[in-house]
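Letters A, B, ... mirror the listed sequences (proteins, then strands); counts begin at 1. The structure presented is a predicted model; accordingly, all values stated were derived computationally and were not measured.
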Protein chains: 2
Amino acid sequence: MKLSTKGKYGVRALFEIARNYGKGPLAIKEIAERQRISLSYLEQILHRLGKAGIIESVRGPHGGYELARKPVELTIGDVVRALEGPIALSHCLEPGATDGCYQAEDCVARMVWSKVGEKIEEALDSITFEQLLRQYHGKDREHPVHRKKLVAAGKGVC
Amino acid sequence: MKLSTKGKYGVRALFEIARNYGKGPLAIKEIAERQRISLSYLEQILHRLGKAGIIESVRGPHGGYELARKPVELTIGDVVRALEGPIALSHCLEPGATDGCYQAEDCVARMVWSKVGEKIEEALDSITFEQLLRQYHGKDREHPVHRKKLVAAGKGVC
DNA sequence: ACAAACCTGACTAATTCTGTCAAGTATTTT
DNA sequence: AAAATACTTGACAGAATTAGTCAGGTTTGT
C-alpha cells in the first residue's frame, strides 16, 4: 500500500508548476533543483503528465512546462492516475481486466477491494492544487536543504 | 497502489475461517484447497495472522485455525495491517519513521498523503467479516474451479 | 547557426514479492 | 508409547517491478 516515487515526485513537481501558474512556463531544470529530483527521472515523469493532458510544454529557449488547466481543476487523483495507473487495489479490478479474477462473479474479496478503491478515489479527487497552493501561500517556503546522498530507493521522501 | 497477494489471500483465507466460526478449528489444508492457495505460502500468512492475535491455532489431529474474536469485531483493516504493515502511502508516514522526509515540517506533500491514508484506513475499518459472511450467506458458494496454472505473480486473483 | 530546453527509448542495478523447501516442535488419538 | 496430524520457523531462489541513468535525438527562439 505504498505510492511509488513517480506519484510522489509528480505531486511535488506539479506543486512547483502550479505555483508558477499564470507566469509562463517553468523550466524543468528549475523544478528539478527546487524539489531535488533527478533531472532525467523528472523528464520521464513530466512526459507522462504531458501525455495525460495535465501539463503543456513549451520548447526552445525560455521554454518549460505549465499547467494545462486551472489549479482548481487539477486534483491529486488526476496526478496519481496519470503516474501510477488506474486506482485498483487488485489487478482484476482494472478497467481492461479481461484476464480478471478466475473466481469471477463468485469472488468473496472482489467487492471489498472495489469499495475501498472507490473511497480512495474519492479522497484523492477531493484535494485540488488550488487547496495546496493556498495552504502554502505566503509561507515563502525555502527550498529543501541538499543532502549528499538520499536514503536508498525513494525511502524517506514524501 | 496495489495490494500484495498476502493481503488478498489473507482475506480469502479468513473468510473461510470466519465461515466456520463456532464449529471448531478449520484445517489449513482445507483452507488451502477451498481458496486455491499454496499450502506453504498460506502457512506464512496464517502465522502472521496468529501473531497479530486475529486467529488462534489448535494443534494435533482435528486441529486447525479459528477466529480469535467474533466476526463482527474483525475488520478488513485489521487483516491488511497485519499482512501488509501499517497503512502509510509514504514511507515517511509510518509510525516509527525517525528517518522521515528530509523536508520535514515543510513538506508539501506530507499532509496530502496523510489525509488520504486516513480515508483509506476508515474505509478498510468500516468493513467487518460479519458483513462479508452475511453477504454470502445462503449462497452456498461452490469452491473455485481448479486451474492448471495460475497467471504469473498473483495477477488475475482478487 | 546556436543554444536552451524538451523528447524518446534503451538499459541496469536494487529492491520487493511470491512461493518453495526442509527440518523442526507440539498435541491428540489409539 | 507410537503414530498421525498439524503447526513453526527460517532460509532461499526466481520473477517482477521500480528507480534512476544515459545517450542520443528534435524543436524553437534569438
Side-chain angles (χ1 to χ4, degrees), chain A residues 1-10 12-13 17 20 24-33 35-52 54-66 68 83-85 89-91 149-157, chain B residues 1-10 12-13 17 24-33 35-52 54-66 68 83-85 90-91 149-157:
Chain A
M1 288 287 273
K2 288 277 183 300
L3 236 45
S4 77
T5 54
K6 278 212 176 68
K8 293 191 278 184
Y9 291 175
R12 282 163 51 202
I17 299 175
N20 211 52
L26 184 62
I28 190 171
K29 201 179 156 196
E30 194 63 28
I31 303 170
E33 278 170 9
Q35 288 289 336
R36 300 273 156 219
I37 301 170
S38 137
L39 190 82
S40 322
Y41 196 31
L42 187 55
E43 278 178 347
Q44 267 184 46
I45 294 170
L46 293 187
H47 183 241
R48 283 203 198 196
L49 292 174
K51 270 205 305 187
I54 290 175
I55 54 178
E56 274 164 4
S57 62
V58 178
R59 302 174 93 143
H62 303 296
Y65 290 93
E66 54 195 354
L83 294 175
E84 314 245 343
L89 254 39
S90 179
H91 179 86
K149 204 174 156 74
L150 293 179
V151 187
K155 285 183 181 169
V157 184
Chain B
M1 289 286 274
K2 286 278 184 299
L3 235 46
S4 78
T5 55
K6 278 211 176 67
K8 294 191 276 183
Y9 290 174
R12 281 163 52 202
I17 299 176
L26 185 61
I28 190 172
K29 201 178 155 196
E30 194 62 28
I31 303 170
E33 278 172 8
Q35 287 289 337
R36 299 273 156 220
I37 301 171
S38 137
L39 191 82
S40 323
Y41 196 31
L42 187 56
E43 279 177 348
Q44 268 185 47
I45 294 171
L46 292 188
H47 183 240
R48 284 202 197 195
L49 292 175
K51 271 204 305 187
I54 291 175
I55 54 178
E56 274 164 5
S57 62
V58 177
R59 302 173 96 138
H62 303 298
Y65 289 93
E66 53 194 355
L83 294 174
E84 314 243 343
S90 180
H91 179 84
K149 206 176 156 75
L150 294 179
V151 188
K155 285 184 182 168
V157 184

Item to check | Under 4.0 angstrom between His47(B) side-chain N/O and dT9(D) OP1 or OP2 | outcome: yes
Next on the checklist: Under the criterion side-chain contact (heavy atoms from CB on, under 4.5 Å), I'd like the reasoning laid out for Ile45(A) against Leu83(A): C-alpha separation, chi angles, the key distance, then a yes or no.
Outcome noted: CA-CA 7 Å; Ile45(A) 294 170; Leu83(A) 294 175; 3.9 Å; yes
Next on the checklist: Within the 4.0 Å limit for protein heavy atoms, which parts of nucleotides 21-30 of chain D are touched? Write it as a string from 5' to 3', B for base, S for sugar-phosphate only, - for none.
Outcome noted: BB---BBBS-
Checklist entry - How close or far is atom C1' of dT9(D) from atom CD1 of Ile28(B), stated in whole angstroms? => result 13 Å
Checklist entry - Listed by chain and number, what are the side-chain contact (heavy atoms from CB on, under 4.5 Å) partners of Ser57(A), not counting sequence neighbours? => result Tyr65(A)
Next on the checklist: Under 4.0 Å, counting only non-hydrogen atoms across every strand here, what does Lys29(B) touch: a base, just sugar-phosphate, or nothing?
Outcome noted: nothing
Checklist entry - Counting any heavy atom closer than 4.0 Å, what does Gly64(B) reach on the DNA or RNA strands: base, sugar-phosphate only, or nothing? => result sugar-phosphate
Checklist outcome for this item: Rounded to whole Å, CD of Glu30(A) lies from C1' of dA5(C) at a distance of 13 Å
Checklist outcome for this item: Between OH of Tyr9(B) and C1' of dT18(C) the distance, given in whole Å, is 8 Å
Checklist entry - dC6(C) P sits how many Å from Arg48(A) CZ, rounded? => result 19 Å
Item to check | All side-chain contact (heavy atoms from CB on, under 4.5 Å) counterparts of Glu43(B), not counting sequence neighbours | outcome: Ile28(B)
Checklist entry - Under the 3.5 angstrom rule, does the side chain of Glu84(A) hit a backbone N or O of Ser4(A) as a donor-acceptor pair? => result yes
Item to check | dG19(C) phosphate, OP1 or OP2, under 4.0 Å from Thr5(B) side-chain N/O | outcome: yes
Item to check | Closest heavy-atom pair and its distance - Ala13(B), Leu42(B) | outcome: CB-CD1, 3.9 Å
Checklist entry - Within less than 4.0 Å of OP1 or OP2 of dC7(C), is there a side-chain N or O belonging to Tyr65(A)? => result yes
Next on the checklist: Measure CG/Leu83(B) against P/dT18(C) and give the value in whole Å, please.
Outcome noted: 11 Å
Item to check | Residue-phosphate contact under 4.0 Å: Ser57(A) side-chain N/O, dC7(C) OP1/OP2 | outcome: yes
Checklist entry - Quick one: Lys8(B) NZ to dG19(C) C1', roughly how many Å, whole number? => result 15 Å
Checklist outcome for this item: When rounded to the nearest 0.5 Å, the distance separating CZ of Arg12(B) from CZ of Arg36(B) is 10.5 Å
Checklist outcome for this item: Whole-Å distance, Leu3(A) CG to dT18(D) C1', equals 13 Å
Next on the checklist: Evaluate Ile17(A) against Leu49(A) for side-chain contact (heavy atoms from CB on, under 4.5 Å), listing each step before the verdict.
Outcome noted: CA-CA 12 Å; Ile17(A) 299 175; Leu49(A) 292 174; over 6 Å; no
Checklist entry - Separation of Ile17(B) atom CD1 from dC7(D) atom P, in whole Å? => result 10 Å
